[in-house]
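What follows is one structure encoded as structure tokens, with my remarks underneath.
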Amino acid sequence: MARHLAPYFDVAVFDETDRSREALSVGAEWRPFGEVAARGIVVFAVPIGAFARVLERASPVVRPDSLCIDVCSVKLEPVRLMLEHLAPTVEIIGTHPLFGPQSGSEGIAGLRIAVCPVRSARIDDVTNFLAERLGLRVFKRTPEEHDREMAHVQALTHFVARALDELHVEGSALATVSYEKLMRAARLVSDDSPELFRTIQQGNPFAAAKRKALIAKLVEIENRLENSP
């Protein structure tokens with residue numbers, strides 16, 4: 001993220017792990033937590049499990065006129081937490097870049113990002129920047145609309161891909177196009193962190209129903225095959 005934003009902003013970053021050398025390599029400053037949280041625009045890029053703790057630590061120094069943005073893979077819970085912990089004058093926008101280091105490794109122009117306006121007078125400025133400067137395809141959703149869509153678009157996809165990856169299904173010289181696409185999906189999630197997978201599955205209140213429906217359908221299909229003449 002810092003690499004893509006550095007040409008347009010004075011970017012300062014902080015992480016619990018010392019990544020100062022990496023930050024410098026992409027044109028960002030490595031600064032203390034309090035200085036980063038006191039910037040005019042603050043992007044919270046942390047796992048959902050740590051989000052409340054980070055917000056509690058940041059809220060005393062977040063400027064009352066700042067714009068705070070999150071990039072979690074779910075939206076209802078991080079938005080709720082930002083509304084709970086940040087001052088009522090702080091502007092809030094939820095975002096979900098629908099790509100990651102692997103899928104965006106060859107450039108992000110043309111890729112999708114979901115934007116959830118919560119309370120901000122700068123929503124048009126943000127969406128215009130994302131579309132015109134970064135070349136992203138921007139889709140506005142409410143947090144609930146986002147999570148409902150992601151329950152099948154992302155949670156179900158990652159659930160199936162994770163299963164394929166853990167089955168260690170191998171490539172084949174006889175692979176069909178559909179098989180290669182399944183293998184590609186499995187490879188895309190193989191490097192995802194356990195925290196990201198848990199966020200996608202457990203942080204989305206609509207994901208469990210989709211998983212259970214898939215499992216029930218698989219059992220139904222298996223039973224039909226076993227009982228067919």
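The model shown is predicted, which means the values in this text are computed figures rather than measured ones.
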- line: For Ala37 and Ala58 the tightest heavy-atom approach is CB-CB, 4.0 Å

field: Linked hydrophobic residues, Leu196 as query - side chain contacts closer than 4.5 Å
entry: Ile200

- line: For residues 115-126, the side chain to side chain donor-acceptor pair (under 3.5 Å) pairs (sequence neighbours left out) are Glu91-Ser120, Glu91-Arg122

- prompt: Applying ring-ring contact (aromatic ring centres under 6.0 Å, His included), which residue pairs with at least one partner in residues 134-180 are found, sequence neighbours left out?
  reply: His96-His146

Nearest heavy-atom neighbours spanning Trp30 and Asp18: CZ2-CA, 3.9 Å

- prompt: Under 4.5 Å between side-chain heavy atoms, hopping through other hydrophobics if needed: is there a path connecting Tyr8 to Val42?
  reply: no

All side-chain contact (heavy atoms from CB on, under 4.5 Å) counterparts of Ser66, not counting sequence neighbours: Val62, Arg63, Cys68, Val90

task: Could you list all the side chain to side chain donor-acceptor pair (under 3.5 Å) pairs where at least one residue sits in residues 49-60, not counting sequence neighbours?
output: Glu16-Arg53

- request: Identify, with sequence neighbours excluded, every residue that meets side-chain contact (heavy atoms from CB on, under 4.5 Å) alongside Ile221.
  value: Lys217, Arg224, Leu225

Closest approach of Val118 to Gly94 (non-hydrogen atoms, all atoms of both residues): CG2-N, 4.2 Å

message: Can you tell me how far apart NZ (Lys140) and CD1 (Ile113) are? Round to the nearest 0.5 Å.
response: 13.0 Å

message: As a quick check of understanding, evaluate salt bridge (charged side-chain N to carboxylate O under 4.0 Å, His left out) for Arg148 and Glu144, giving each step before the final call.
response: CA-CA 6 Å; Arg148 285 188 180 278; Glu144 181 175 343; 3.0 Å; yes

query: Around atom NZ of Lys181, are there more than 12 heavy atoms of other residues, nucleotides or ligands at under 6.0 Å?
result: no

- prompt: Taking only residues two or more places apart in sequence, or in another chain, which ones meet Phe9 in a ring pair (Phe, Tyr, Trp, His ring centres under 6.0 Å)?
  reply: Phe129

Any pair counted as ring-ring contact (aromatic ring centres under 6.0 Å, His included), so long as it reaches residues 32-67, sequence neighbours left out: Phe14-Phe33, Phe44-Phe51

message: For the CD atom on Glu170, are there more than 12 heavy atoms of other groups (residues, nucleotides or ligands in this structure) within a distance under 6.0 Å?
response: no

Which atom of Arg31 lies closest to which atom of Ala12, heavy atoms considered: CG-CB, 3.7 Å

Worked check of salt bridge (charged side-chain N to carboxylate O under 4.0 Å, His left out) between Arg112 and Glu149: CA-CA 14 Å; Arg112 296 176 173 88; Glu149 287 188 53; over 6 Å; no

- request: Take Val126 and Leu67, measure what side chain to side chain contact (heavy atoms under 4.5 Å, CB included) needs, and give me the verdict at the end.
  value: CA-CA 10 Å; Val126 171; Leu67 169 61; 4.0 Å; yes

message: Suppose the criterion is ring-ring contact (aromatic ring centres under 6.0 Å, His included): which pairs have a residue in residues 197-218, not counting sequence neighbours?
response: none

task: Find out if a path of hydrophobic residues (ILVMFWY) with successive side-chain heavy-atom gaps under 4.5 Å connects Val160 to Met183.
output: yes

- prompt: Do Glu35 side-chain atoms and Pro32 backbone N/O form a donor-acceptor pair below 3.5 Å?
  reply: no

- prompt: Linking I/L/V/M/F/W/Y whenever their side-chain heavy atoms sit closer than 4.5 Å, directly or via other members, would Val36 and Val71 fall into one cluster?
  reply: no

query: Going by heavy atoms in the side chains, are Arg39 and Asp10 under 4.5 Å from each other?
result: yes

message: For a quick test of reading the model, state the closest non-hydrogen atom pair linking Pro64 to Thr89 and the distance between them.
response: O-OG1, 2.7 Å

Without placing hydrogens or testing angles, list every side-chain donor-acceptor pair under 3.5 Å for residues 74-87, not counting sequence neighbours.
residue, atom, partner, partner atom, Å
Lys75, NZ, Asp70, OD2, 2.9
Lys75, NZ, Cys72, O, 2.8
Lys75, NZ, Thr95, O, 2.8
Glu77, OE1, Arg80, NE, 3.1
Glu77, OE2, Arg80, NH2, 2.7
Arg80, NH1, Glu84, OE1, 2.9

field: Connected via hydrophobic side-chain network under 4.5 Å: Met1 and Leu136
entry: yes

Asn204 side chain reached by Gln154 side chain, heavy atoms, under 4.5 Å: no

message: So which atom in Gly104 and which in Leu111 form the shortest heavy-atom distance, rounded to 0.1 Å?
response: CA-CD1, 4.0 Å

task: Enter the distance from Arg187:CZ to Asp165:CG here, rounded to the nearest 0.5 Å.
output: 10.5 Å

Within one Ile-Leu-Val-Met-Phe-Trp-Tyr cluster: Val43 and Ile108, side-chain cutoff 4.5 Å: yes

message: Would you compute the distance between atom SG of Cys116 and atom CD1 of Ile69 and round it to the nearest 0.5 angstrom?
response: 12.0 Å

task: Any chance you could measure Thr199, atom OG1, to Gln202, atom CD, to the nearest 0.5 Å?
output: 8.5 Å

query: With Glu22, which residues qualify under salt bridge (Lys or Arg N to Asp or Glu O under 4.0 Å), at least two apart?
result: Arg19

- prompt: When Ile, Leu, Val, Met, Phe, Trp and Tyr are grouped by side-chain heavy atoms lying under 4.5 Å apart, directly or through other members, which residues fall in the same group as Val153?
  reply: Leu98, Met150

- request: Supply the atom-to-atom distance Asn128 CG to Ile123 CD1, rounded to the nearest 0.5 angstrom.
  value: 9.5 Å

